[in-house]
Amino acid sequence: MDKYLYLPLTLGFADLSAVALLFIGWFAMGRVTEHPPASRPSVSVLMKQYRREWMLQFLTREPRIFDGNILSTLRDGTAFFASACMIATGGILALVSDTDQLRGLVRELDLEQGTAVLWEVKLLVAMFFVVNAFLKFAWSHRLFGYCAIMMAAVPNDVTDPSARDKALQAAELNITAARSFNAGLRSVYFALAGLAWLAGPLALLVATAVVLFVTWRREFASNSRQVILHALPSRDVHAHGEPRGSESRHPQP
């Protein structure tokens, strides 16, 4: 057995700083994405208006099969990512529980030597984000199911007093499901960054910076954001007739 397996676990200042920045960046990006400055909303926030507009259009659409197909596609996406996260979790657990595979991985990738415990810690950091992503995707899948049921409960008669309220309730469920889905995707991105720690703290810092830039650009400076901004639905009418300023009071997933 290689001698590095007997060495004590040591994490230097560079390692601890890189890991701290990874978690701070993950938390900060999620916060900024869901609660951006009013002058520069993120794609996730802008899409909330389209989701409410979707449900208002859903009220008068005949037939409503089109809307059901869209929702099925959204659920399929969450199911795919949840399954992928389960497979990734199993793979990481297999590496963590088998030190022989772990040593082989170190040799094949020509990585820095260290204790088996150190390699396990590095893998568990990535596993944290993968498991978090799975939980978010699973909850998102369930919420989209709730949204489907709420949509089915919307009366076909547009003049029914409860039709608009039920449609907007379905919109809020759709928004909450999308929020969980987006959080799951962010966790996947940061899990990939966390794997860079296997190559050392500098690689982790670079990977974290790249992920932060990519996620920020997609939410605040992408071409798709410009397309979404064009002909943005009215923001005056919020769910259940509430003013837009009340949006922060909606429960988090």
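Along the sequence shown, the residues carry numbers beginning at 1. Values below: all heavy atoms of this structure, side chains included; hydrogens, waters and symmetry mates excluded.
The number of heavy atoms from other shown groups lying within 6.0 Å of CZ (R51) is above 12. Crowding of F80 atom CZ: a count of heavy atoms from other residues, nucleotides or ligands under 6.0 Å not exceeding 12. Within a 6.0 Å sphere centred on CE of M29, heavy atoms belonging to other residues, nucleotides or ligands number more than 12.
Under 3.5 Å, the side chains of S42 and S44 contain no donor-acceptor pair of N or O atoms. If you check the side chains of E53 and Q57, you find a donor sitting under 3.5 Å from an acceptor.
K166 places no side-chain N or O within donor-acceptor distance of the main-chain N or O of A153, the cut-off being under 3.5 Å.
Evaluation of the side-chain hydrogen bond (donor to acceptor under 3.5 Å, both in side chains) test over residues 72-94, restricted to residues two or more places apart or in two chains, returns R75-H141.
With ring centers used as reference points, F23 lies under 6.0 Å from F128.
Heavy-atom minimum distance, A193 versus V211: CB-CG2, 3.7 Å. The two residues T33 and F220 come nearest to each other via the heavy atoms CA-CZ, 4.3 Å. Annotation for M55 and A167: closest pair CB-O, 3.3 Å, computed over non-hydrogen atoms. Heavy-atom minimum distance, L59 versus R164: CD1-CA, 4.0 Å.
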